[in-house]
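Note sheet for the following structure.
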Amino acid sequence: MTEGNNASSSETRLENTIVCLPVATGSVAFYLGNKSDTQTHEWTLYVRGPSGEDLSVVLEKVIFQLHPSFAQPTRELTEPPYEVTERGWGEFEAQIRLIWKDPSEQSVLLSQPIKLYPPGAPLTAQQQLQQSTETPVVSETYDEIVITNPTESFYQQLQSIGTTPSCQELYSQHAHFPTYSDTQVCQAMLQAQKLVNEHLAQTKQNLIQLDHDLANVEEALRVQQDEVRKKAARKAAQQPTKTPAPTSATTAATTSTGNKKQKTT
Amino acid sequence: MTDIAEILGVKSAPQPIGNNKPLLPKPHSDLTGSATELPTTVPTFVRIGNRQINPHKPARKWTWAPFSSSSRPDGLLLNHWVRANVEYPDYPYARFDIHLDPVQYTIEEYKAWLTSEDWSQSETDTLMEYARIFELRWPVIHDRWCAVCPPRPVEDLQHRFYTVAAKLLQRRVSHEAALETKALEAVAADSNAEDPKLLLETAAARSLASSDPQHQPLMQHLGTGTSNKVFDLAYEKERRAHWEALWNRTKEEEAEELALRNELKQVETQLRKLKKRGAHVVAANGTAASRAATPIPAPEVAVQQVDQAMATTAPTPVPGVPYLQSARLVLPATGGETGISKALVARMEALLAEMNVPSTVIATKRACDLMDTVRRDALTWLLLEKQVIQREGVLRARRLKLAKMGGNIRVVDEETLLGIAPPPAPRPKPVTKAPAAPAATAAAAAPGKAKAPVSKTATGSKPAAKKPAATASSSSTTAASTGAPTASTATSSIDAKTKKPAAKRKRKSEDAPPALPNAAPSSGDVASTINTKPKKKAKPGTTKETSSVSTSVAPKAPPAAAAPAVTTQKENSPKKE
């Protein structure tokens with residue numbers, strides 16, 4: 001055993017590999033009628049592959065952690081169907097821990113609330129009486145577990161999931177399992193992305209233009225400031241000595257017209 | 001009362017018989033009307049405030065008596081009302097007549113310590129006298145001085161007075177300290193006791209006596225209002241100069257100063273933010289020289305910012321630690337470390353919601369990837385938009401400054417744009433600009449920009465090739481289409497031209513006759529007239545056109561000369577639609 005462990009821990013990991021393992025956790029709850037106060041609902045908490053895949057290839061075991069008010073709140077399952085059925089009256093959050101066949105991979109903790117009542121406002125007294133015992137309350141969460149750079153053997157196991165036959169039928173509540181599709185959402189996002197990119201391109205062009213304009217104006221400003229400074233210096237030089245006045249005036253005139261000519265081109 | 005009794009059916013108390021006529025006729029009185037009903041009684045007590053006066057007691061006696069005040073030097077006698085039998089030792093307000101102790105020196109002291117090159121002894125004496133008379137009220141002293149002696153600024157007078165006082169005090173303190181050392185040493189020699197207090201006193205006295213007068217500790221001579229530290233003339237001159245400058249600021253200067261302060265505040269906050277993220281080095285590299293040539297740092301900086309922000313909340317892939325795909329859907333962190341504010345993230349969310357993207361998607365890989373990219377792009381775009389607005393503001397400010405300094409820039413203000421003030425004479429030739437950046441008026445896409453006209457001209461399209469011009473005109477029409485259909489705005493844009501700009505347009509259409517049948521170049525011309533380069537004079541007529549497009553001025557009859565241009569423009573706009 002230890003050798004086995006050693007072998008897997010020293011096994012080289014693949015590089016630049018990401019494996020996404022889809023997983024669905026949920027609860028299906030049935031109303032039992034008015035028989036008792038403490039057991040108003042029967043619910044099933046489960047972990048499954050969303051398209052019915054058999055996850056036991058990669059999962060060592062699944063540990064369900066229920067509310068402490070239940071007898072033996074820690075339930076371990078080592079093979080599908082990974083589900084726990086109980087009777088109770090209260091909604092709570094159950095923790096599900098997935099232990100991988102590869103010991104070098106950390107276990108993953110999922111949190112799944114048990115929903116006994118349909119979502120929305122709490123039921124009125126009338127609605128409570130009218131609860132049907134046939135239609136369940138299903139609350140499922142789709143998620144994917146992202147495994148980075150798995151070991152070779154683990155990678156093989158993950159790849160083999162699709163090839164095993166579906167074990168959906170094993171689950172007691174498989175009739176109520178929802179199906180998932182992300183095509184619509186992806187389409188919407190693609191369109192949104194296109195739009196945003198258009199805006200982005202436009203804004204980038206704007207920015208280029210603005211920077212250009214700004215550079216030009218800064219240049220002109222600098223030239224102007226230099227001119228002003230030169231004029232001031234010339235005036236200061238003029239005052240003590242009167243003779244260079246006409247020449248400096250003409251030079252000032254020529255430089256200013258020269259500048260103007262520059263700017264008009 | 002009686003009617004109530006009637007209503008209730010209760011028998012009231014027996015009423016007196018007879019009418020209420022008084023037995024005696026009323027004496028004549030000045031009271032009339034309702035006052036006649038009031039009883040006239042003589043009050044037993046008079047109340048003033050909260051004191052009661054007993055009228056039966058006799059009144060106090062007051063006499064008109066002469067008085068003099070001890071504070072008067074001349075013994076003038078005046079009269080006033082005083083209580084008859086009370087002794088007044090002195091005028092009661094004489095105690096408020098307080099004076100500062102005069103600063104006095106002997107001629108020997110003056111010759112020894114107080115001579116100065118700028119001040120003669122007579123001037124110093126006059127100054128001391130004034131200081132004493134006017135109680136160190138410097139504006140008055142200065143005024144009286146200037147009337148009598150050659151004028152000096154008030155800080156010079158202050159400096160002279162306080163220097164004299166300080167030197168006197170220093171010397172006198174040293175002198176007294178020397179005397180005291182001698183006395184104490186004599187006592188110590190006599191008693192020969194190791195009294196610590198005595199030793200301390202001797203030590204203190206000796207140090208004061210031996211040290212340089214300048215190094216004495218600060219001692220204030222409260223009686224004269226002076227101390228042994230010399231008045232700082234340089235500081236005082238500077239302070240007064242500052243104060244004068246502050247007082248003589250014009251309104252424009254004040255406004256400019258305020259604007260500069262605000263700018264400084266903004267720059268400092270930006271710098272602080274950048275420093276927090278450690279990005280100030282990046283920002284510093286984006287100088288004006290590199291801006292034109294190298295890729296723009298601004299979008300890169302924005303992208304970096306967004307990446308940093310998203311990285312704070314995204315899970316990092318670690319081998320051996322699997323994470324959930326849904327963890328990638330968490331919103332980027334907001335706050336000080338990242339440049340992303342909560343408001344920005346909120347705007348991004350709103351933007352995505354507008355585009356029918358739900359806030360949380362199913363956690364598949366491609367959905368998460370897409371969500372990531374869409375959010376990043378949206379955030380980057382919003383950041384860049386902010387920068388565009390900032391830069392537009394800066395550009396506007398710089399242009400105004402340049403115009404004020406008399407540079408060759410025509411800053412078009414709102415009035416000329418709206419046709420209120422007459423537009424200035426237009427320049428003869430439209431100028432084409434080399435870099436064909438088809439910067440569309442994406443500013444119009446941003447919601448509600450008030451300064452649309454100026455910003456549009458700033459980001460106006462440059463004509464070089466047909467394609468950019470076409471896009472420019474299309475963008476100008478799309479810009480106009482915020483609210484009004486494109487065709488009508490195109491016509492109104494032409495219609496709203498007054499005669500002068502219409503004449504100009506005519507010239508332009510003449511300039512490009514061979515290209516007339518083709519829509520693009522004339523629209524290119526139209527686009528070119530939107531051009532405003534800072535070094536050239538802007539064309540207010542065409543800026544009017546864009547502004548009228550945005551403000552939808554009522555259409556005026558188009559002159560016939562503009563007809564070909566009109567048709568081409570109309571041709572152009574349906575094409576673009």
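Since the model is a prediction, treat every value here as computed from it, not as a measurement. Residue numbers begin at 1 in each chain, while the letters A, B, ... track the order of the sequences.
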Item to check | Over all atoms of both residues, closest heavy-atom pair of B:A367 and A:M189 | outcome: O-CE, 3.2 Å

Checklist entry - Between B:R398 and A:E218, is the closest basic N to carboxylate O distance under 4.0 Å? => result yes

Checklist entry - So which part of B:V394 gets closer than 4.5 Å to some heavy atom of chain A, the side chain, the backbone, both or neither? => result both

Next on the checklist: I'd like to know if the side chain of A:D143 and the backbone of B:L324 have a donor-acceptor N/O pair within less than 3.5 Å.
Outcome noted: no

Checklist outcome for this item: Between A:C20 and B:K365, the two heavy atoms sitting closest are SG-CD, 3.4 Å

Next on the checklist: Looking at every non-hydrogen atom in both residues, tell me the closest pair between B:N356 and A:A188 and how far apart they are.
Outcome noted: O-CB, 3.7 Å

Checklist entry - Do the side chains of B:T364 and A:P22 get nearer than 4.5 Å, heavy atoms only? => result no

Checklist entry - Considering only heavy atoms, which portion of A:L21 lies under 4.5 Å from any heavy atom of chain B: side chain, backbone, both, or neither? => result neither

Checklist entry - Measuring from B:D377:CG to A:N197:CG, what's the distance to the nearest 0.5 Å? => result 4.5 Å

Checklist entry - Which atom names give the shortest non-hydrogen contact between A:V196 and B:A378, and what distance separates them? => result CG1-N, 3.6 Å

Checklist entry - How about A:Q191 and B:M355: do any of their side-chain heavy atoms sit closer than 4.5 Å? => result no

Next on the checklist: Less than 4.5 Å apart, side chain to side chain, heavy atoms only: is that true for B:L384 and A:L207?
Outcome noted: yes

Checklist entry - Is there a side-chain contact between A:V217 and B:L395 (heavy atoms, below 4.5 Å)? => result yes

Checklist entry - At what distance, to the nearest 0.5 angstrom, does CD of B:Q390 lie from CG of A:L210? => result 11.5 Å

Next on the checklist: As an exercise, state the distance from CG of A:D182 to CE of B:M371, rounded to the nearest 0.5 Å.
Outcome noted: 13.0 Å

Checklist entry - Where does A:T183 contact chain B at under 4.5 Å (heavy atoms): side chain, backbone, both or neither? => result both

Checklist entry - From A:Q106 CD over to B:Y323 OH, what is the distance, rounded to the nearest 0.5 angstrom? => result 14.0 Å

Item to check | Between CZ on residue B:R396 and CG on residue A:L214, distance to nearest 0.5 Å | outcome: 12.0 Å

Item to check | Which portion of A:V146 sits near chain B, non-hydrogen atoms under 4.5 angstrom | outcome: both

Next on the checklist: Within the 4.5 Å heavy-atom criterion, are B:R391 and A:Q209 side-chain neighbours or not?
Outcome noted: no

Checklist outcome for this item: One should read off an interatomic distance between A:T203 OG1 and B:K386 NZ, to the nearest 0.5 angstrom, of 14.0 Å

Checklist entry - Should B:E385 and A:L200 count as side-chain neighbours, where that means a heavy-atom distance under 4.5 Å? => result no

Checklist entry - How about A:Y142 and B:S326: do any of their side-chain heavy atoms sit closer than 4.5 Å? => result no

Item to check | Proximal component of B:P317, with respect to chain A [non-hydrogen, under 4.5 Å] | outcome: both

Item to check | Option in B:L382, B:V321, B:L370, B:V374 with maximal non-hydrogen atom pairs under 4.5 Å from chain A | outcome: B:L370

Checklist entry - Which bit of A:L221 comes within less than 4.5 Å of chain B, counting heavy atoms only: side chain, backbone, both or neither? => result both

Next on the checklist: Testing the basics here: between A:Q225 and B:K401, what is the closest heavy-atom pair and its distance to 0.1 Å?
Outcome noted: NE2-NZ, 3.9 Å

Next on the checklist: Counting heavy-atom pairs closer than 4.5 Å to chain A, which one of B:V361, B:L352, B:L351 comes out on top?
Outcome noted: B:V361

Next on the checklist: Is it the case that atom CD in A:E93 sees more than 12 heavy atoms from other parts of the structure closer than 6.0 Å?
Outcome noted: yes

